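If you're wondering where the values come from, they're calculated on a predicted model, not measured in any experiment. In what follows, chains are A, B, ... by sequence order, proteins preceding strands, each numbered from 1.
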Amino acid sequence: MEITSNVEKTLNRILKDFSAEEGNIISLLQLIQDEFGYIPESTVGWFSGRLDIPESRFYGIATFYARFYQKERGKNIITACCGTACHVKGADRVINAARIELGLAEGENTTDDMDFTLEQVACVGACSIAPVVIINKKVYGRQTSGRLTREIKALKK
Amino acid sequence: MINVTIDGIKTSVHRDTSVLDAAKQCDITIPTLCHHPKLTPYGGCRLCIVEIKGINRPVTACTTPVSEGMEVTTSSPVLEKLRRTTLELILSDHPNDCMVCEKAGDCTLQELAYFYGIKENRFAGERRVYEKRDGNPLIERDMEKCILCNKCVRVCDEVQGVSAIDIAYRGFRSKVCPPYERDLDCEFCGQCIRVCPTGALTGRMWSLKGRQKDIREVDTICPYCGCGCNITLDIRKNEIVRVTSKEDTINEGWLCSKGTFGYKFLNDPARLTKPLIKYKGKFRESTWEEALGLVAKKLLKTKEKHGPDSIAGLASARCTSEENYLFQKFMRAVIKTNNVDHCARL
Amino acid sequence: MAGLAAVFGSGAMTNSIPEIENNDVLFVIGSNTTETHPIIGLRMKKAVRKEAKLIVADPRKIDLVRHSHLWLRQKPGTDVVLLHAIMHVILEQNLIDRVFILSRTEGFETFREGLRKYTPEYAEKITGVPARDIIRAAMLYARAKRPGIYYTMGITQHSHGTDNVYSIANLALMTGNLGMESTGVNPLRGQNNVQGATDMGCIPDQYPGYQRVDLPAIREKFEKAWEVTLSDKDGITATEMTDRCLDGKIKAMYIMGENPALSDPDINHTVKALKKLDFLVVQDIFLTDTAELADVVLPAAAFAEKDGTFTNTERRVQRVRKALDPPGEAKEDSRIIMELSERLGYPMRYNSMEEVFQEVAGLWQAVAGITYGRIEKQGLQWPCPTLEHPGTPYLFKGGFPRHKAAFSMVEYKPSRELPDRQYPFMLSTGRHLFHYHTGTMIRAGDALNSVAAEAYFELNSYDAGKLGVTGGQKVKISSRRGSIKIKAKLSERVEKGRVFIPFHYREAAANILTNTALDPVSKIPELKVCAVKIEKITKRGRPRIK
Amino acid sequence: MKTNKLEIMVCMGTGGIAAGGTEVLSAFESAIKKLKIPAKLKKGCSVHKVGCRGLCARDVLVDIIIKEKKSTYQYIKPDMVQRIVDEHIVGNQPVADWLATEDYHNFHEKQVKVVLSDCGNINPESIDAYFAVNGYEAAKKVLTLMSRQDVIEEIKRSGLRGRGGAGFPTGVKWEICGGVKNAQKYIICNADEGDPGAFMDRAIIEGNPHSVIEGMIIGAYAIGAGKGYVYIRAEYPLAVERLRKALEDAGKKNLLGKKILKTGFSFDIKVKLGAGAFVCGEETALIVSIEGQRGMPRAKPPFPVHSGLWGKPTVINNVETLANIPHIIRKGPDWFASFGTEKSRGTKVFALTGKVKNTGLIEVPMGISLKEIIYDIGGGMDKGRDFKAVQTGGPSGGCITADLLDINVDYESLAKVGSIVGSGGMVVLDDTDCMVSIARFFLEFTQVESCGKCVPCRIGTKRLLEILDRITAGKGKEGDIELLEELGKDIKASSLCGLGQTAPNPVLSTIKYFRPEYEAHIRDMKCPAAVCKELIEFTILEELCKGCGACVRACPANAIKGEKKKPHTLSSELCVKCGSCFDVCKFGAVKKE
């Protein structure tokens, strides 16, 4: 991502919010991600220079925590829960179906057209309605391969 | 002072001493890969585990401070078994190429593997494989040999204050790397090489110059800035193999990029090997006899014709004190002028 | 050096390197320590980790600023005003050390009068440093228990460099921050054995051990030891030598391991001078720019090819050992001098360098207690007058060699050449981490060199925008003395209107541009301030005036 | 409080919302608005959201209270609302078909609700609702009437132990930290509930956030902390939102901030969002994470009570622990201690999931038998299958088999059989669950979540997983079981933090109780539960197949062919063993073995 003057305005605003956060890099990365959907490398360079915090530290933290994304993500985010309850209730099958529907190859999480990102999380804490899938922040309980495929098809339109 | 008993030896040590240091003071060596006396304790390699009476599980000696009346056991069948497993695990994710490794013979991991006699590995499995090699000109970073002891990260942060590298990712995927896995771009002080317990970090220019065999160590002083760092030249066949520094020196074993890597000039083919005399605007090689004869003649002539103060001498801040002494003595006692200076002002 | 010696009676670092980490306040002025003295830089960072406060005064945002608590960004050449204002505040706040002033100094009353006009507000106008920061710096330094001042060429390489040094000395004297562990004034020497070269008398007015050539008793001592008669006339300094070459007073020169054709200010001028000599002999390890001008070049051995001692910036005499044989027929400098001396009818016969050192020890009390045997493992810091003496980590414990140190009021003198309409930028030169001096040791093709292979100058991005210059673009920089072509590196390290060039690169030698104006006392040239202009190079290779 | 009021409470925890709670709520609101009833009456009418009441499986659950008579509806959808309003509210005749069935009430009957007592009864977004159930009375009492030592004594006397897993006595922790002399101390609420299968902390914060805040205020007072943090997973957006609202409201009422309730005590709470790392539930990792670093644990000692956040003394308590505090202060330590067993006092919330009929959140007195939980509260096994085991404590825990069902659920008893109470996850498994696969599942989780700092956990868990991988793939070797045991024990003994020290538990415990199942995988290359993909075959039983084509449509690999209404065939070469055909076949014609 290029740091245009518009982006710079945003970054300056984040910098201001950040000063209230006790110099916490995680908070800063969260602010950046809230803004851009992921953590663009160029923004890390920008903040590193201004805060005198080494870039390596940003990178170490950004790659440590699973909820930080280094790459741009799809327009629609499908989050499949892989917690214990979901696992024993067949989350794998549901996820598999979604992968096939989205045409994602092994190791891929985002479709080539950047329309969808499929991610797996440890547990969203809705075990009693397992298996759970979250589509664009809306929680769907008792998912099946069929229902999820239908939801994805609907979003494709 | 705190009284502790280590392997039956009673001793008293300063408050805030770690169990590891207390043991060292009793001449008991506890194996470790991630500890460095000048860096904050890490507790990652789990080799320095010891048993402490009253604590129901082994604890790492490097991170545990002594307390009054503490009774420590540094070696037992249980501890040795755990250490062995840990070592085996490390080696299961480490290339088995000691025969061609730069660090062989000077490698802590190799040494421990030897003492624990680890030949077969019960845990053979996936190894980290990195396609990309770091393209920096000075430090060879073979991250497949990295055991994630974190010493390089700590030294870069705590001693050098640069933090050019950090651990990225986590778990089995953890990797020490510069931000965004770019090529290393740092002060190239080489501190990381000095603390690395394996062959993961070595000097690129030292490659294939020789390992431990036929090496002669010469202690001398760095030829660069005024800090006067103590360096040790590892010499093999009239060539510098690598440069190190001992820890008990005024520079505490640390060097900078020039002190570590700046020695190529010694073997540069452009070095002057014979006296040169300018003849019709061009240099020609000559013998010492001829060159010195010419210099003596010219200086004598100038002195006779224009007086001693028509001659000036510039000595050098890069020559030894003895040479500088002789130089000014030459100017003063032989030429008889005080026109002698050096570049202190520049 | 000269300035500090004039005040204290000795011009060396008053403390030692290991003491740095126990400073509670470090005042680093005019020293890019982490690049010029990396290992001392480490100790400073260690001190900061141990909760010391670091004050950095530097026009550039050097790396140390990142570790500092207070950064004073003074305009180049205004150090005297900055220091005076700090002292003004200390006086106002009554933080002076009366006992120290009374018992160990002289001239304070006149001095305090002189400080009156240097208010922080006045200083803010001249130095650009906010008055409140000056006050903070004063409080920090004066209230500290173990403060240390550190400086290098950023202080001395000015036409008023000695004044700068006087001011630093005054600051330490009025607060009594001297003569204790981790407390003092520390000039950091640039090259590995500058201290040794000066100690050994390679200065025109002093014999080894800072013993003046114009004092008959001393001269007699040396005449006796060397069994000759000696000149009672002060010699001339290196920078003066250049001028004397040009006006024909100097006819022949003997240069050992030096490269003035790249390191001196206004090189064009230097080269012209060396060319004018009847006879030039250069003794070095490479065919340097200077050697190119020589009539005879003598191949010398490098540091790893000989025995001897180096004395570092903290006065520590340490052993240098021979590890390699010199290439071809190259010889140790000492051997060459001895052979030459023999030919000139004065045989110098030493079986080893140790014998040379013993001779020095016999002539200079401060190293009388040092022997090769004693420094086999670890060096000793002079003064070390007896064989039992442990060496001296810090100076002036009981007093000054001159008995009382004198305050000397100096007034602010602007640098000789300041930017004007024709040459609007202010140039400073200095070092770069990956290079050393004139590049004879870190050479082209060396891996280390490749980290920063190309000459560059630092330019503020605001100025770059105004000039229409982008990063990496080659431009022409000119001063009244010459011009070079060099790539721009956009950097916020330099402030608007200023540029910085590392002087190591011969293809774009910064010293073509620099000013030869000398400090009247120390004869150090003004390498930190001169005026330049920047022009873009057009396609046809002709500069376009902007 | 006697009233003629009409109250409609819609369950809107994460589960409720997922089932359509928001829509149901607004359907009620608009239906009530349209009602032709006097304005005065309408005023007394309230429709509001409540937090989770445990049985999310029946969501959307709606309580209707008319004249203090409560009826509960289950599985409510928006289109059902109008009929309820018409018949029940207007006609005063509950819609019998939709009322919660008996087992819903059974589910609640055996429970003892302390922490969850107000969850599901009050509107979590209203501080007044919390006041109405005596909220913040305990904090007031503590701040105005009790000394710090009094508070610590009461908590110690109650016998409350940390609900996060380790079970350290809370009062003792407070006492140690309270005794450390330091002007700056911190209290941290650990809401980084990472155990995949536990969600009580989420439910508590979503259902009654003020109880946690009140607990923190009391704790802060007791240890002398001026600042508190709630470290909460970002995966819980609703909980975060409600917590933030609650903090804001509490601040407005001067229950937080400077000079709370005009006493000399000042205390404030900040929310820190986790960024996705299970290991940050470990207290030293949590601390560095709050400081904004990589969440890598460090060795203890020093313990956080001596040197924690930014090197200052710090107490870290889990959500459930803190939510217990106001109750203990209000009702007294003896009341609290009357629940539970000698060494495990009070109640504990469990997340009962897996193959039982009633899955959900339950709160039971410590010491209750496992059988009661599964059969009385959980309603027994789902689909009439056979009970195989229950896994407790998630990735750090172990499993308990059928012959141990009479065991008492408390810290000591579970530990004795090789499991733990842990965070309170309780996954019931039936005969279709493969124990090797379950162990592998947990190990895969811990292996991914290992921070990588120490060798045994970083490489050891990877190797354990590799061995399990090959066993479940039918490539296991003789000696693998012993290797798992040996390595597992060594990892437990030498890892740096709790994560590694407990990571092998699921493996060791399944080997202990289900060794033959492991052996079957290795020796016979069979998965007895028919779960492990590589060891099973799908075939279509000709005699049962009706040729309906459901499996053909479901198969992602086009492995099933056949004409309509004629028995189909499945190509084992093309089959990817996804099990879709097995799931969709209504006639049991797909065979898996």
Side-chain angles (χ1 to χ4, degrees), chain A residues 1-3 7 11 14-15 18 23-33 36-73 82-83 105-110 119-123, chain B residues 34 39-40 42 44 126 128-132 134-136 138-139 141 143 146-193 195-196 200-201:
Chain A
M1 195 181 75
E2 202 193 327
I3 307 274
V7 172
L11 296 182
I14 294 175
L15 190 64
F18 169 70
N24 187 313
I25 304 179
I26 296 176
S27 307
L28 176 59
L29 291 171
Q30 280 165 340
L31 290 171
I32 296 174
Q33 186 158 293
F36 302 104
Y38 72 112
I39 299 165
E41 184 175 339
S42 52
T43 59
V44 165
W46 193 91
F47 282 107
S48 166
R50 267 150 195 86
L51 298 166
D52 276 338
I53 300 170
E55 266 189 277
S56 62
R57 198 147 301 158
F58 282 94
Y59 189 66
I61 292 165
T63 55
F64 182 87
Y65 293 98
R67 309 290 297 172
F68 287 131
Y69 310 106
Q70 315 305 315
K71 282 194 208 133
E72 211 170 330
R73 299 200 303 153
C82 295
E106 185 79 28
E108 254 180 25
N109 291 319
T110 300
E119 60 177 17
Q120 291 169 230
V121 293
C123 184
Chain B
C34 72
L39 303 175
T40 47
Y42 188 62
E126 185 191 336
R128 292 162 298 153
V129 174
Y130 300 120
E131 300 291 330
K132 183 183 173 273
D134 197 307
N136 81 75
L138 293 160
I139 300 178
R141 301 179 63 249
M143 286 300 108
C146 170
I147 58 163
L148 291 150
C149 71
N150 196 251
K151 278 191 207 171
C152 55
V153 174
R154 279 176 285 157
V155 83
C156 193
D157 173 27
E158 296 172 15
V159 172
Q160 200 66 20
V162 169
S163 292
I165 45 172
D166 201 343
I167 297 185
Y169 307 104
R170 70 180 181 210
F172 192 74
R173 292 178 64 214
S174 301
K175 181 183 186 183
V176 174
C177 60
Y180 293 92
E181 290 159 74
R182 297 189 288 245
D183 287 347
L184 185 63
D185 177 17
C186 65
E187 295 184 357
F188 295 107
C189 60
Q191 250 66 284
C192 52
I193 299 179
V195 297
C196 182
L201 299 173

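Taking the ring axis of B/Y180 as reference, the NZ or CZ atom of B/R182 does not stay both within 45° of it and closer than 6.0 Å to the ring centre. Because its NZ or CZ atom is both nearer than 6.0 Å to the ring centre of A/Y69 and within 45° of the ring axis, A/R73 counts as a cation-pi partner of that residue. Cation-pi contact between B/K151 and B/Y42: absent, since separation from the ring centre below 6.0 Å together with deviation from the ring axis within 45° is not met.
In this structure, chain A has no heavy atom under 4.5 Å from any part of B/V176. Residue A/A66 touches chain B through both its backbone and its side chain, counting heavy-atom pairs closer than 4.5 Å. Neither the backbone nor the side chain of A/F58 comes within less than 4.5 Å of any heavy atom in chain B.
Between the side chains of A/T63 and B/R170, no donor N or O sits under 3.5 Å from an acceptor N or O.
When each of A/E55, A/Q70, A/R57, A/E41 is checked for heavy-atom pairs under 4.5 Å with chain B, A/E41 comes out on top.
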